[in-house]
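Here, residue 1 is the first one in the sequence, and each next residue gets the next number. Worth knowing before you read on, the calculation uses all heavy atoms, side chains too, and leaves out hydrogens, waters and symmetry mates.
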Amino acid sequence: DVRFTLDQSAHDLLRYAQALLGHAVPSGDIAEVVKRGLATLVEQLERRVFAASARPRSQRGAAKGRHVPAEVRRTVWRRDGGRCTFTSAAGQRCPACTRLEFDHAESIASGGEATIENLRLRCRAHNQYTAEREFGAGFMEGKRQESRARTAERKATREQTGTHIEHAPAHVDQRARRDEVIPWLRQLGLRVDEAKRGAVMCDAMPDASLEDRVRFALSGLARERFRRATHLRSATG
């Protein structure tokens, strides 16, 4: 039994999902709607995390460097059960199932390749622990500092680029922001005209993240659909 409270935006999304599933779930049963929504979310996350696909393509040739082919990621993830494979000296396997990484049993520096046999799932902590045992804590700390420096450099570059974008014509910025939102709304099953209307609704919040703009558009479209349905019932009643 799971209980939780929805804010207004999430409530609007739920109502809109019930409307979109009107034919498949005529009762509007909330549990069924949430179940279907979670199934879709898991499918999307599986595609992002380990390239799950209904029609997987075979990998041609051996992978080089740090790139892990989609087919290899899928196989390793399923073989390891989506869980860290680190086992302690006492035989206790790490229970972590989040923030998992594909770790090379034989490191790339030692000639290890991105093959099914040479890869395993490790949580971030145990991946770092294994690397420090092989290369030394000092070496790994140096690598982390290099990574932080690269991240800071990329952030500075984005901020500089953003300064130039701020001076671009307003209509160019607006069109670009709308073009970001429309594909996401289309992927969620909305018609082209609905997706375009939803994108226009987001013009009032130009500084919001893409996720917040998509949610705002869905919420606005849900209210719009609800008003139309209410008006239609009043006109025919």
Side-chain angles (χ1 to χ4, degrees), residues 1-57 70 73-75 77-78 80-83 95-100 121 123 173-237:
D1 184 29
V2 178
R3 298 174 183 269
F4 55 90
T5 302
L6 299 176
D7 60 19
Q8 186 60 50
S9 177
H11 182 267
D12 291 341
L13 289 175
L14 175 61
R15 292 303 185 195
Y16 190 37
Q18 287 176 310
L20 292 173
L21 288 169
H23 293 292
V25 188
S27 66
D29 180 62
I30 292 178
E32 181 62 23
V33 172
V34 171
K35 177 182 176 181
R36 289 176 179 242
L38 289 174
T40 300
L41 175 61
V42 167
E43 181 180 343
Q44 292 175 347
L45 292 174
E46 285 182 339
R47 285 200 299 267
R48 190 185 73 183
V49 174
F50 57 92
S53 172
R55 296 181 178 179
R57 292 181 295 181
R73 293 205 305 272
R74 287 191 293 268
T75 303
W77 186 277
R78 289 171 180 142
D80 294 347
R83 179 181 166 189
C97 295
T98 60
R99 302 186 72 186
L100 299 177
L121 288 179
C123 65
D173 277 355
Q174 187 179 76
R175 185 168 61 248
R177 288 193 297 270
R178 291 178 183 177
D179 288 343
E180 285 181 331
V181 173
I182 290 173
W184 284 89
L185 296 177
R186 290 285 290 148
Q187 187 177 351
L188 292 171
L190 276 69
R191 300 191 309 269
V192 174
D193 61 311
E194 289 179 316
K196 288 182 178 179
R197 286 203 310 277
V200 170
M201 293 176 184
C202 300
D203 289 348
M205 46 189 310
D207 297 325
S209 68
L210 177 57
E211 179 183 358
D212 286 342
R213 281 181 283 148
V214 170
R215 293 184 62 183
F216 182 81
L218 287 171
S219 179
L221 290 169
R223 288 192 294 270
E224 182 183 89
R225 177 170 290 202
F226 180 76
R227 285 195 298 269
R228 283 203 305 269
T230 302
H231 177 73
L232 182 60
R233 285 196 296 270
S234 299
T236 57

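In terms of the side chain to side chain donor-acceptor pair (under 3.5 Å) criterion, residue partners of D193 (sequence neighbours excluded) are, by chain and number, R191, R197. Among residues two or more places apart in sequence or in another chain, the side chain to side chain contact (heavy atoms under 4.5 Å, CB included) test is passed with V42 by E46. Listed by chain and residue number, Q174, R178, V200 satisfy the side chain to side chain contact (heavy atoms under 4.5 Å, CB included) test with D203 (two or more places apart in sequence, or in another chain). Applying the side chain to side chain contact (heavy atoms under 4.5 Å, CB included) criterion to V192, with sequence neighbours excluded, gives R186, K196.
Of all heavy-atom pairs spanning I182 and A199, the tightest one is CG1-CB, 3.7 Å. The nearest pair of heavy atoms linking A10 to L6 is CB-CD2, 3.9 Å. Looking at every heavy atom in both residues, R83 comes nearest to P95 through NE-CA, 3.6 Å. A217 approaches C202 most closely through the heavy-atom pair CB-SG, 3.8 Å. In this structure, R223 and D12 approach most closely via the heavy-atom pair NH1-OD2, 3.1 Å. Nearest heavy atoms, F216 versus M201: CE2-O, 3.2 Å.
Taking CZ of R78 as the reference point, atom CG of L121 lies at 12.0 Å (rounded to 0.5 Å).
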Distance-only criterion, 3.5 Å: show the donor-acceptor pairs between side-chain atoms of residues 27-38 and protein atoms not counting sequence neighbours.
{"residue": "S27", "atom": "OG", "partner": "D29", "partner atom": "N", "Å": "3.3"}
{"residue": "D29", "atom": "OD2", "partner": "E32", "partner atom": "N", "Å": "3.0"}
{"residue": "E32", "atom": "OE2", "partner": "R36", "partner atom": "NE", "Å": "3.0"}

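Among residues at least two apart or in separate chains, there is no salt bridge (Lys or Arg N to Asp or Glu O under 4.0 Å) pair with a member in residues 13-27.
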